[in-house]
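Source: prediction; values computed, not measured. A note on names: the letters A, B, ... follow the listed sequences, proteins ahead of strands, and every chain is numbered from 1.
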Amino acid sequence: MMKETVKKALEHYFSYREFRPGQREIIEYALRGESVLGILATGGGKSLCYQLPALLFPYMTVVVSPLISLMADQVRQLRSKGIGGIEYINSALAPEEYKWKMKKLRDRKIKILYVSPEKLQQDSFMQQLAGIPVSLFVVDEAHCISQWGHDFRTDYQRLKDCIHRLGDPPVMALTATATSDVQKDICLQLGVPAAHTVKHSLNRSNICYDVQFVGDKKEKDEVLLYKLGSLQGPGLVYFRSRNGAERACALAEQAGISCAYYHGGMPASDRLLVQQQFLNGEITLVFATNAFGMGIDKSDIRFVIHYHLPTDMESYLQEVGRVGRDGAPGYTCLLYMPEDMALPRQLIAEEYPDITQTRDFVHYIAGHQGNISTVQSIAALEEWGLNELHLGILLYHMEKGGWIRSLERTKDGWTFGVADRISGNYQNLFDIMMKRRELRYGRLKEMERWIESRTCRRRQIGDYFSQSHSGSLASCCDRCGIDYSLYEVQPASAIPHTDQAVWDWERELDRLLPL
DNA sequence: CGGGGTAGCTATACAGCTACCCCGGTGCCGTATT
């Protein structure tokens, strides 16, 4: 009977007749009122997993989403299907809009509510939300809990209390990538039994993994330009610096290629424009930092090139995973020289405060025992040289250690209560952060090992996810051999490469001297 | 950490050297009276 209803809803709301692999299983957990962790490859229809049960449940479904733009997209998509009662609440709302939506919330007229993890840490908001019955608590892009929660956006590690305040509704965590460590972290943080995990093979058999070793920056630029000229688009080139993305974009423009760049330092309107143009096919090439990613729902990306290294394999796999979602062959290439390790290493190093900063800040806090205290971000920068991120990390660990409580963000800083008796042992606090940093260096090292390994790259990725990945549809990787003609604009046989033969000499040789 | 840019040096001026400094990612977050 239940099955009948679900099928009907699937057809009625989403116009699908059948579920895609994994969807039914995940939905069934939710309908039974049980928590679940769902791991579905990108483009596998993750949102449907919570949207469908949400429409069948009597009460509201709360969806935690990492990006404001992502919330807006989802709301728009559902509304376009004629589904009502879908709203998001975040800092992007105008005051009147906010008031109006809060009223709608109180009147229990919201069926699916999208919020940021930060919003859930706001006590005034939580008080209102806690008065509304909730049928399901969803964490979309749940790998953020592990990837961002420990340092970049610590509110991702604070969701458990929110769930409890909402009356412990069943939880649904969804993501496209998760190693066993990340799965453990997610389950622990959200109280999902580890056995309630629905996971499908993450092997992307249509992706080719190439790594090209270069001697210096000049050669890297040359290889990049050659690839941009020969590869079939649309394509994406990833950088770890905003400058790098802009520079390469200018270089490509000089070479007569139509393209754009994208990074977090641009005005939102420009970012949206580039994203839209790329989606519409008006631009077929984007030079981007890791800001470009989540919410880019383009299925026909044909190549992803990495000019710089990410800080770990998971980020790398997420980024290359954007290629070929339509199932057609996709080419990925990492351009690498050993010096490239310096940049991600430094990015990791910069993410944590140093020992002096930690000591001074702890001393300050220790001087306010038993009081309500506030710290302004600007003051923290002037006083202790702590940027917004460092301050957030320190407060997060102090909260965890029980030194402070009722931590809340204010307009331009933080407010919190300091415990009566705290040890003030900053060394301990510092060690915890350094342990985390070492862990991140270790993950960068894994990336280095993958690059330098002589064996099949796909197989190693499988090992990384504790799965066995072997089959590939087209070319597998540079260690197994690549048929470049699959990815180039014209088949190599039609137009022999002449002046670019430098990059292709091995293949050229093979062609001239069979066997 | 280490590459890239540049100021400063030399002292016919030039071009070329050195020493030094700079740079390096991801996103939320204000409101309020039912």
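- Among B/dG27, B/dG24, B/dA32, the nucleotide with an atom closest to any side-chain atom of A/Lys99 is B/dA32.
- Relative to the side chain of A/Phe152, the nucleotides B/dG27, B/dG25, B/dA32 differ in distance, and B/dG27 lies closest.
- As judged by a 4.0 angstrom heavy-atom cut-off over every strand, A/Pro66 is placed among residues touching the sugar-phosphate backbone only.
- In this structure, the aromatic ring of A/Tyr98 is positioned over the six-membered ring of the base of B/dT31, centres within 5.5 Å and planes within 30°.
- Distance CG (A/Leu389) to P (B/dG27): 11 Å, rounded to an integer number of Å.
- Side-chain contact, A/Tyr352 with A/Asp151: a donor N or O sits under 3.5 Å from an acceptor N or O.
- No hydrogens or angles were tested; on distance alone, a donor-acceptor pair under 3.5 Å links the side chain of A/Glu351 to the base of B/dG25.
- Using N1 to N3 plus N6-O4 or O6-N4 for Watson-Crick, or N1-O2 and O6-N3 for G-U wobble, each under 3.5 Å, B/dG2 pairs with B/dC23.
- A/Arg409 comes within 4.0 angstrom of a base, heavy atoms only.
- Closest contact between the side chain of A/Pro95 and the listed nucleotides B/dC29, B/dT31, B/dG27 involves B/dT31.
- Mapping A/Lys411 and A/Arg247 onto DNA chain B via the closest heavy atom, the residue that lands nearer the 5' end is A/Arg247.
- When the C1' atom is compared between B/dG8 and B/dC14, the two are found 15 Å apart, to the nearest whole Å.
- In summary, the side chains of A/Arg271 and A/Tyr262 do present a donor paired with an acceptor at a separation below 3.5 Å, with no hydrogens or angles considered.
- Separating the P atom of B/dG25 from that of B/dC20 is a span of 27 Å, rounded to the nearest Å.
- A/Tyr336 places none of its side-chain heavy atoms less than 4.5 Å from the side chain of A/Val214.
- Considering only the side chain of A/Thr311, B/dG25 comes nearest among B/dA32, B/dC1, B/dG25.
- A donor-acceptor contact under 3.5 angstrom links the side chains of A/Asp210 and A/Tyr331, judged on distance only.
- Across all strands, A/Arg158 comes closer than 4.0 Å to no nucleic acid atom at all (heavy-atom distances).
- Comparing the same atom, P, in B/dT18 and in B/dA11 gives a spacing of 16 Å after rounding to whole Å.
- Between B/dT31, B/dG27, B/dC1, one nucleotide has an atom nearer to the side chain of A/Lys119 than all others, and that is B/dT31.
- Listed for the A/Lys101 side chain is a donor-acceptor partner under 3.5 Å among the backbone atoms of A/Tyr88.
- Side-chain proximity of A/Arg345 to B/dC1, B/dC29, B/dT26: nearest is B/dC1.
- For the pair A/Leu93 and A/His263, nearest-nucleotide mapping onto DNA chain B gives the more 5' position to A/His263.
- Pair assignment for B/dT12: none, as no Watson-Crick or G-U wobble contacts are both less than 3.5 Å.
- Comparing B/dT31, B/dC29, B/dG27 by their nearest atom to the side chain of A/Ala291 picks out B/dG27.
- Counting only heavy atoms from C-beta on, A/Arg242 has its side chain closest to B/dG25 among B/dC29, B/dG24, B/dG25.
- Counting non-hydrogen atoms under 4.0 angstrom, A/Glu388 reaches a base of the nucleic acid.
- Using a 4.0 Å heavy-atom distance criterion, A/Asn243 is classed as a sugar-phosphate-only contact.
- Heavy atoms of A/Glu350 sit under 4.0 angstrom from at least one base atom.
- Using Watson-Crick or G-U wobble geometry with both donor-acceptor distances under 3.5 Å, B/dA32 finds no partner in any strand shown.
- Comparing B/dT26 with B/dC22, their P atoms sit 22 Å apart, to the nearest whole Å.
- Among the nucleotides B/dG4, B/dG3, B/dG24, the one closest to the side chain of A/Glu339 is B/dG3.
- Taking atom CD of A/Glu246 as the reference point, atom P of B/dG24 lies 10 Å away to the nearest angstrom.
- Base pairing analysis places B/dA7 opposite B/dT18; the two distances defining the Watson-Crick or G-U wobble pair are each below 3.5 Å.
- Within the nucleic acid shown, A/Leu105 has no heavy atom closer than 4.0 Å to any nucleic acid atom.
- Distance check on atom P: B/dA13 versus B/dC9 gives 16 Å, rounded to whole Å.
- Among the nucleotides B/dC1, B/dC29, B/dA32, the one closest to the side chain of A/Ser124 is B/dA32.
- A/Thr154 and A/Arg158 are linked by a side-chain donor-acceptor pair at a separation below 3.5 angstrom, with hydrogens and angles left out of the test.
- A/Ser453 and A/Gln460 share a donor-acceptor pair across their side chains, judged by distance under 3.5 Å alone.
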